[in-house]
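In what follows, chains carry the letters A, B, and so on, assigned in the order in which the sequence lines appear, proteins first and then strands, with residues in each chain numbered from 1.
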Amino acid sequence: MPASPDAFRALLSQPAAEAARRLIGCVLLRRVRGRSVAARIVETEAYLGAADPAAHVYRGRTPRTEPLFGPPGTLYVYFVYGMHHCLNVAVDGPGVAGCVLIRAAEPLPGSGLAKDACRGPGKLCRALAIDTRLSGRHLFERGGPLTLRKGRPPRRVAVSPRIGIRQAAGWPLRFYDADSPVVSAAPRAGISSGAAQRRRKP
DNA sequence: GCGACGATACTA
DNA sequence: AGTATCGTCGCT
């Protein structure tokens with residue numbers, strides 16, 4: 001578990017799968033309107049960059065995805081389904097637009113959040129007041145809106161396929177704290193209802 | 001301009 | 001199984 005900015009930088013400079021695994025247990029610190037809220041990351045997904053059919057950059061570089069090409073620690077926030085924001089962190093080395101999607105976190109005591117307030121990528125962003133205005137900002141800004149802190153390391157990290165995607169559906173790139181009750185979906189969840197909606201034909 | 005679609009989550 | 005609900009992007 002890293003403690004210094006340099007150690008976090010090193011963590012995020014790894015390939016996405018390794019970075020995603022090692023972010024489990026780290027604490028997100030959100031500063032907004034003079035207040036701070038902290039939550040321990042318990043579920044992540046790795047997106048590998050241009051070689052990953054499920055990654056946003058797979059179909060080319062666009063203005064929206066520009067933060068993914070920034071240095072490790074650059075935030076990429078996008079809006080989906082007309083309702084939800086999703087928080088990602090750019091990782092891996094220069095020229096590789098890998099990222100880690102933060103799917104769930106445990107609010108720390110004193111955060112004022114319900115235990116399940118950060119269960120799922122959309123709810124996490126709502127609870128931490130994260131929207132596209134944070135896209136392009138950086139985790140390592142001093143006193144910035146979103147930073148990393150040391151947290152309790154997980155005892156066991158479990159792996160499963162990523163949730164809610166159709167391309168590269170079987171790739172084992174979802175990581176979660178196997179002892180946390182706050183993961184966004186059952187480890188062996190089948191086809192989600194959302195997937196059924198996306199598959200529906202006109 | 002237009003339209004298809006999506007790294008969701010809740011309810012039933 | 002239904003659905004809220006809109007930004008992004010490729011195409012015209």
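Going from atom NE2 of His85(A) over to atom P of dG7(C) covers 9 Å, rounded to whole Å. When rounded to the nearest whole Å, the span between NZ of Lys123(A) and C1' of dT8(B) equals 11 Å. One atom, CZ of Arg61(A), and another, P of dC9(C), lie 13 Å apart when rounded to the nearest Å. Rounded to an integer number of Å, the gap from OH of Tyr58(A) to P of dA7(B) is 14 Å. Going from atom CD1 of Ile130(A) over to atom P of dA7(B) covers 19 Å, rounded to whole Å. Remark: P of dA7(B) and CG of Leu124(A) are 18 Å apart, rounded to the nearest angstrom. If you take NE2 of His84(A) and C1' of dG7(C), they are 14 Å apart, rounded to a whole angstrom. Summarising the geometry, the separation between CZ on Phe175(A) and P on dA7(B) is reported as 19 Å, rounded to the nearest angstrom.
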Dot-bracket assigned to DNA chain C with the 3.5 Å Watson-Crick/G-U criterion, [ ] for crossing and | for other-strand pairs, is ||||.||||||.
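A 4.5 Å side-chain heavy-atom check between Ile102(A) and Asn88(A) finds every atom pair outside the cut-off. Side-chain contact check for Asp52(A) versus Tyr58(A): every heavy-atom pair is 4.5 Å or farther apart.
Counting atom types as modelled, His56(A) pairs a side-chain N or O with a base atom of dA7(B) as donor and acceptor under 3.5 Å. Contact annotation: side chain of Tyr81(A) to base of dA9(B), donor-acceptor pair absent below 3.5 Å.
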Arg31(A) and Ser36(A): CA distance, side-chain angles, deciding distance, side-chain hydrogen bond (donor to acceptor under 3.5 Å, both in side chains) verdict: CA-CA 4 Å; Arg31(A) 293 185 192 82; Ser36(A) 290; 4.5 Å; no
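Atom CG of Leu113(A) sits about 5.5 Å away from atom SG of Cys118(A), to the nearest 0.5 Å. One finds the CZ atom of Arg119(A) at 8.0 Å from the OG atom of Ser180(A) (value rounded to the nearest 0.5 Å). Here Ile163(A) contributes atom CD1 and Arg103(A) contributes atom CZ; the two are 5.0 Å apart, rounded to the nearest 0.5 Å.
For Arg64(A), taking side-chain heavy atoms from C-beta onward, the closest of the listed nucleotides dC9(C), dA7(B), dT8(B) is dC9(C). Set against dC9(C), dT5(C), dG6(B), the side chain of Arg166(A) has dG6(B) as its closest nucleotide. Between dA4(C), dT8(B), dA7(B), one nucleotide has an atom nearer to the side chain of Met83(A) than all others, and that is dA4(C). Distance from the side chain of Thr62(A) is smallest to dC9(C) among dC6(C), dT8(B), dC9(C). Listed nucleotides: dT8(B), dA4(C), dA7(B). Nearest to the side chain of Leu101(A): dA7(B).
A salt bridge links Arg40(A) to Asp177(A): one of the charged nitrogens lies within less than 4.0 Å of a carboxylate oxygen. Salt bridge annotation for Glu45(A)-Arg162(A): absent, with no cationic side-chain nitrogen under 4.0 angstrom from a carboxylate oxygen. In this structure, Lys115(A) does not pair ionically with Glu106(A), as no charged nitrogen and carboxylate oxygen lie closer than 4.0 Å.
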Dump every N/O contact between nucleotides 2-4 of chain B and the protein below 3.5 Å, one line per pair.
none

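Using a 4.0 Å heavy-atom criterion, one finds that Cys125(A) contacts no nucleic acid atom at all.
Both the sub-6.0 Å distance and the 45° axial angle are not jointly satisfied by Arg64(A) relative to the ring of Phe79(A).
For Tyr47(A) and dA7(B), the ring-to-base geometry satisfies the stacking test (centroid distance below 5.5 Å, interplanar angle below 30°).
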